[in-house]
Amino acid sequence: MSKIRMKNKIVEIDGDEMTRILWTNIKEILIEPYVNLKREYYDLGLENRELTKDEVTKEAAYAIKQYGVGVKCATITPNAQRVDEYNLSKMWKSPNATIRAILDGTVFRTPICVDGILPQVRSWKSPITIARHAYGDVYSGVEAIVPEGGRAEILMPDGSRKLIHEFKNSGIVQAIHNTDESIISFARSCFNYALSVKQDLWFGSKDTISKIYDHRFKDIFADIFEKEFLRKFTLCGINYYYMLIDDATARVMRSPGGFVWACKNYDGDVMSDMLASAFGSLAMMTSVLVSPQGQFEYEAAHGTVTRHYYKHLNGESTSTNPVATIFAWTGALNKRGELDKTIDLCYFAKALESATLSVIERGIMTNDLLPIFSKADVEPKGVGTFEFLRAVASEIDSHIL
Ligand code: NAP
Ligand code: MG
């Protein structure tokens, strides 16, 4: 069979540790034998971020703006321990935060559901997609330690001041911001995404306590919905619901699933991890950043799986689950195919997804899935990462139309 040709490039963003190893193998074993990859490569491994003073991260984000589709491997967000471990000149910012700040947009995370893995929450029958606002709040916050006797204020453009706190003793202060522009595009991305998947949209914030900040989110969503989406939602037979974030959380737990849950940046960070593990495993969660201009960056929702990487370095075999990283690649290839109207690329992406799922459904899986898998007449078997990838490879041909 001749290899599938791509019209346009995708932006390939390499990363760190165990996921960097998965990355190379997924490409070699599952993609390159079928697709003539046209790609623009950026190495966001921590060594190269240090070498380029983190310029490579910005270049990668601008490349996604240019080409429209990117796929990203998980990357280390440095902390003090990583600064020592990698001998860094600076505690570089989270690459995801840098990329999100440049692309703006919203991150949509959806669990990958497999026959045989039941969600922990009995009422959930369909996946719940989390839409995480990807700009501002605590992720671009400014923080300071305030010494005894300090005074923190907000200085307004007209010279007036708002007192935050007068510190009798030492303490801490944090300033966060958001912009109307970003909240508007967040709202539009969520309404559009809900329409595209024909599912209700829920949004929760804490407007009763945060009467200006969170209330702004609530008002902007209501305004955009009323002016731009009410009619389309009615025609599509779906609804938009606003509620307090704690109410939303409680309702999610009793719902049958099958809706899009819009969350502010921090809520989305936390709730997506909760949903991922309740639906099965963090290793079974896809993630896509959609910019308001319609650029897409696909990745796995999990991190670089450091603990497994150290085992791998010790020569031990690991059973790291590559499914979310495979789905990051298939998401990007499918979107490239959709945008370029190269249907065979879309077919290949779908074939790789169904081959991956059918290997698990036949009982071959990485160890993280063993305790949560149960299917009549199937005796699950835990295998190492590479054995799993090879099992998927041997399955692909029978899934290609
Ligand atoms: P993590 O890499 O997501 O791993 C946490 C634990 O979850 C693992 O130790 C493992 O549990 C389990 N796990 C996650 N993914 C798995 C997979 N694919 N297969 C099997 N098990 C999996 O989170 P972390 O250890 O907190 O963070 C490691 C590094 O990743 C950090 O440097 C962090 O900055 C970075 N990070 C990057 C991103 C990103 O780039 N998007 C996101 C989050 C974190 P067991 O050890 O019990 O097997
Ligand atoms: Mg998180």
Side-chain angles (χ1 to χ4, degrees), residues 13-23 25-26 42-47 49-50 54 57 60-61 70-86 88 91-100 103 107-109 111-112 114 117 130 132 134 139 265-266 268-270 272-289 297-312 314 316-329 331 356 360 365-373 382-389 392:
I13 304 177
D14 211 341
D16 288 299
E17 299 193 313
M18 202 59 212
T19 40
R20 188 178 178 99
I21 297 183
L22 292 180
W23 197 256
N25 284 282
I26 289 170
Y42 292 86
D43 182 1
L44 262 60
L46 192 46
E47 282 100 345
R49 277 184 271 152
E50 168 69 19
D54 207 23
T57 307
V71 56
K72 179 182 169 290
C73 178
T75 44
I76 291 170
T77 299
N79 55 14
Q81 182 250 320
R82 298 295 198 168
V83 170
D84 289 345
E85 185 183 351
Y86 284 82
L88 302 180
M91 200 186 288
W92 304 110
K93 277 181 75 165
S94 147
N96 283 1
T98 303
I99 294 171
R100 284 171 195 158
L103 289 178
V107 175
F108 295 90
R109 289 185 168 182
I112 302 161
V114 189
I117 297 177
I130 284 245
R132 171 180 171 187
Y139 300 84
N265 210 343
Y266 176 82
D269 185 350
V270 177
S272 62
D273 286 357
M274 187 269 287
L275 280 189
S277 76
F279 265 105
S281 153
L282 194 57
M284 298 290 283
M285 187 88 162
T286 59
S287 178
V288 56
L289 174 71
E297 185 213 31
Y298 294 84
E299 63 167 346
H302 60 77
T304 59
V305 211
T306 311
R307 199 181 68 82
H308 296 209
Y309 180 59
Y310 290 137
K311 276 176 73 177
H312 172 83
N314 264 335
E316 292 173 54
S317 96
T318 67
S319 184
T320 315
N321 188 337
V323 173
T325 308
I326 295 173
F327 274 63
W329 273 98
T356 306
I360 300 174
M365 61 198 72
T366 45
N367 289 340
D368 57 317
L369 301 183
L370 279 182
I372 53 173
F373 184 89
V383 296
T385 308
F386 302 104
E387 205 180 320
F388 181 81
L389 290 177
V392 175

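As the structure lists them, so they are numbered: ligands from 1, and atoms in each ligand from 1.
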Is there at least one pair of N or O atoms, one from [X] and one from ligand 1, spaced under 3.5 Å apart?
X      : answer
Thr306 : no
Asn321 : yes
Thr77  : yes

- Query: Does ligand 1 have any atom that is closer than 4.0 Å to a heavy atom of Met18?
  - Reply: no

- Message: Is the shortest side-chain heavy-atom distance between Asp269 and Tyr139 below 4.5 Å?
- Response: yes

- For atom 37 (C) of ligand 1, which candidate among Thr19, Thr75, Thr304 provides the closest heavy atom?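 Closest candidate by heavy-atom distance is Thr75.
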
Shortest protein contact, [atom] (heavy atom only):
atom                    : result
atom 48 (O) of ligand 1 : His308 NE2, 2.8 Å
atom 32 (O) of ligand 1 : Arg82 NH2, 3.1 Å
atom 14 (C) of ligand 1 : His302 CB, 4.0 Å
atom 4 (O) of ligand 1  : Val305 CA, 4.1 Å
atom 3 (O) of ligand 1  : Gly303 N, 2.8 Å

Need the ligand 1 atom indices (1-based, order shown) with element for anything under 4.0 Å from a heavy-atom of [X].
X      : result
Asn96  : 39 (C), 40 (O), 41 (N)
Lys72  : 40 (O)
Ala74  : 40 (O)
Thr320 : 17 (C), 18 (N), 19 (N)
Ala283 : 16 (C), 17 (C), 18 (N), 19 (N)

- Task: Please say which of Ile21, Thr19, Thr325 ends up in a side chain to side chain contact (heavy atoms under 4.5 Å, CB included) with Ile26.
- Result: Thr325

Any protein heavy atom nearer than 4.0 Å to [atom]:
atom                    : value
atom 19 (N) of ligand 1 : yes
atom 26 (O) of ligand 1 : no
atom 6 (C) of ligand 1  : no
atom 41 (N) of ligand 1 : yes
atom 35 (C) of ligand 1 : yes
atom 12 (C) of ligand 1 : no

Whether the side chain of [X] engages the backbone of [Y] through a donor-acceptor N/O pair (distance < 3.5 Å, no angle test) should be reported.
X      : Y      : answer
Arg49  : Ile76  : yes
Arg132 : Asn265 : yes
Thr385 : Thr320 : yes
Ser317 : Gly384 : no

- Query: What do we get for Leu282 next to ligand 1 when only non-hydrogen atoms under 4.0 Å count, side chain, backbone, both or neither?
  - Reply: side chain

- Task: Pick one of side chain, backbone, both or neither for how Arg307 approaches ligand 1, counting any non-hydrogen atom pair under 4.0 Å.
- Result: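 Side chain only; the backbone of Arg307 stays clear of ligand 1.
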
- Carboxylate-amine/guanidinium proximity below 4.0 Å for Arg82 and Asp16: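 Here Arg82 does not pair with Asp16 in a salt bridge, since their nearest N and O are not under 4.0 Å apart.
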
- Query: Taking NZ, NE, NH1 and NH2 as the nitrogens, is one of them in Asp43 or Arg20 under 4.0 Å from a carboxylate oxygen of the other?
  - Reply: yes

- Note on the structure: ring pair (Phe, Tyr, Trp, His ring centres under 6.0 Å) filter on Phe388, not counting sequence neighbours, yields none

- Task: Output all residues satisfying side-chain contact (heavy atoms from CB on, under 4.5 Å) with Ser94, sequence neighbours left out; order by chain, then residue number.
- Result: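 Scan of Ser94 (side-chain contact (heavy atoms from CB on, under 4.5 Å), adjacent residues dropped) gives Thr77, Asn96, Ala97.
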
